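See below for the structure under consideration.
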Amino acid sequence: MAPSAQIHPSAVVEEGARIGADCRVGPFCVIGPDVILGERVEIKSHAVVTGWTEIGDETVIYPFAVVGEVPQDLKYDGEKSRLIVGKRNRIREGATLNLGTKGGGGVTRVGDDCLFMTGAHVGHDAVVGSRVVMANQAALAGHCIVEDDVIIGGLSGVHQFVRLGRGAIVGAVTMVTNDVIPYGLVQGPRGVLDGLNLVGLKRRGVGREDITALRAAFQMLKQGEGAFQDRARRLGDESDSEYVREIVRFILSDSDRSFLTPS
């Protein structure tokens with residue numbers, strides 16, 4: 001334990017835990033024996049960090065969050081598995097992030113600068129990129145892949161093995177059952193691909209030329225001839241926009257699910 005760490009007298013920090021410089025562990029917290037806290041991590045009152053879990057620098061975990069508990073998977077048999085959380089994340093009240101499983105690679109990963117709002121859930125073996133926002137009560141099932149800059153609306157659920165491409169946005173109260181292309185906009189009780197995340201693209205300063213190319217690409221995916229992947233291959237041959245090519249690579253890469261196609 002670093003000498004500069006501040007541990008409340010009522011907190012339980014089990015032997016073997018590694019606590020970095022300037023960490024703060026609040027009242028009635030529980031820190032497990034295999035936990036590693038980076039520098040300047042703050043664990044607020046009544047939070048639990050357990051399992052073989054690594055928390056990156058400057059991450060804040062709020063009351064009643066449970067980080068690093070065993071997977072909600074009946075196949076889990078007590079095998080040693082991990083949760084790795086990056087830097088500067090905000091894990092709000094009641095959120096849950098689970099360890100991985102042997103069948104899924106053994107590791108659940110979260111990038112940097114994410115926000116997990118109240119009651120959000122990250123299932124076993126999920127891979128979450130950086131700058132991801134999961135709103136209140138949003139849930140990722142096991143084995144999901146969420147790329148950078150994705151926003152998932154409140155009370156939404158993502159089916160196991162689904163991929164959400166970079167910059168996609170999922171509306172509130174939406175069930176996502178298939179892969180979502182980068183920059184896609186998904187909404188509705190049974191999620192449909194209803195357009196592009198134009199607001200997010202503009203906020204990130206994407207130029208008008210690329211946005212125009214993305215609009216044209218979406219229309220070709222929606223109305224072009226042939227199967228969905230055939231249209232994507234043609235897009236890769238015809239477009240010089242790196243944003244469009246990113247969508248093409250996503251569609252043509254391996255997946256355990258089919259795709260949400262433009263409505």
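Heavy-atom basis, side chains included; hydrogens, waters and symmetry copies ignored. These numbers come from a predicted model, not from an experiment.
Ile169 has its side chain out of reach of Val150: every pair of non-hydrogen atoms, C-beta onward, lies at least 4.5 Å apart. Using a 4.5 Å cut-off on side-chain heavy atoms (C-beta onward), Leu164 and Ile152 make contact. With a 4.5 Å cut-off on side-chain heavy atoms, Glu14 and Thr50 do not count as touching. When side chains are defined from C-beta on, Ile36 does not count as touching Ile55, because their heavy atoms never get closer than 4.5 Å. Using a 4.5 Å cut-off on side-chain heavy atoms (C-beta onward), Thr118 and Gln137 make contact. Side-chain contact between Arg257 and Gln160 is absent, with no heavy-atom pair separated by less than 4.5 Å. When side chains are defined from C-beta on, Leu221 counts as touching Leu235, because their heavy atoms get closer than 4.5 Å.
Ser81 places no side-chain N or O within 3.5 Å of a backbone atom of Gly106 that could act as its donor or acceptor partner. Under a 3.5 Å cut-off, the side chain of Thr174 and the backbone N or O of Gln187 do not form any donor-acceptor pair. Between the side chain of Asp256 and the main chain of Phe161, no donor-acceptor pair closer than 3.5 Å is present. In this structure a side-chain-to-backbone donor-acceptor pair under 3.5 Å is missing from Thr96 to Ala65. Between the side chain of Asp194 and the backbone N or O of Leu185, no donor-acceptor pair lies under 3.5 Å. Side-chain atoms of Arg245 come within 3.5 Å of backbone atoms of Ser239 as a donor-acceptor pair (strictly under, hydrogens ignored).
At most 12 heavy atoms of other shown residues, nucleotides or ligands fall within 6.0 angstrom of atom CG in Asp77. Atom CZ of Arg203 has 12 or fewer neighbouring heavy atoms from other residues, nucleotides or ligands inside a 6.0 Å radius. Heavy atoms from other residues, nucleotides or ligands lying under 6.0 Å from CD of Glu209 number 12 at most. Around CZ of Arg204, the count of heavy atoms belonging to other residues, nucleotides or ligands within 6.0 Å exceeds 12.
Taking 4.0 Å as the cut-off between side-chain N and carboxylate O, Asp230 and Arg233 count as a salt-bridged pair. Ion pairing of Glu225 with Arg231 is absent here, as no side-chain N (NZ or NE/NH1/NH2) approaches a carboxylate O to less than 4.0 Å. Asp148 and Arg131 are joined by a salt bridge, as a carboxylate oxygen and a charged side-chain nitrogen come within less than 4.0 angstrom of each other. Salt bridge Arg88/Asp113: present, at least one basic N to carboxylate O contact under 4.0 Å.
Looking at every heavy atom in both residues, Val206 comes nearest to Ile211 through O-CD1, 3.6 Å. When all heavy atoms of His121 and Asn98 are compared, the pair lying nearest together is CE1-OD1, 3.3 Å. Considering every non-hydrogen atom in both Ser255 and Arg163, the closest pair reads CB-NH2, 3.6 Å. Closest of all the heavy-atom pairs between Thr101 and Pro71 is CG2-CG, 3.5 Å. Between Glu147 and Val132, the closest heavy-atom pair is O-CG2, 3.5 Å. Residues Ala21 and Ser4 share a closest heavy-atom pair of CA-OG, 3.4 Å.
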* Asked: Under the salt bridge (Lys or Arg N to Asp or Glu O under 4.0 Å) criterion, do Glu58 and Arg90 qualify, and how do the steps go?
  -> CA-CA 9 Å; Glu58 300 180 13; Arg90 299 293 179 266; over 6 Å; no
* To do: Decide yes or no on side chain to side chain donor-acceptor pair (under 3.5 Å) for Asp125 and Thr108, but give the supporting numbers first.
  => CA-CA 4 Å; Asp125 306 295; Thr108 304; 5.0 Å; no
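Relative orientation of the Phe228 and Phe259 rings is tilted, given thresholds of 30° and 60° on the angle between their planes.
When each of Arg24, Arg40, Lys44 is tested with Val60 by the rule side-chain contact (heavy atoms from CB on, under 4.5 Å), just one qualifies, namely Lys44.
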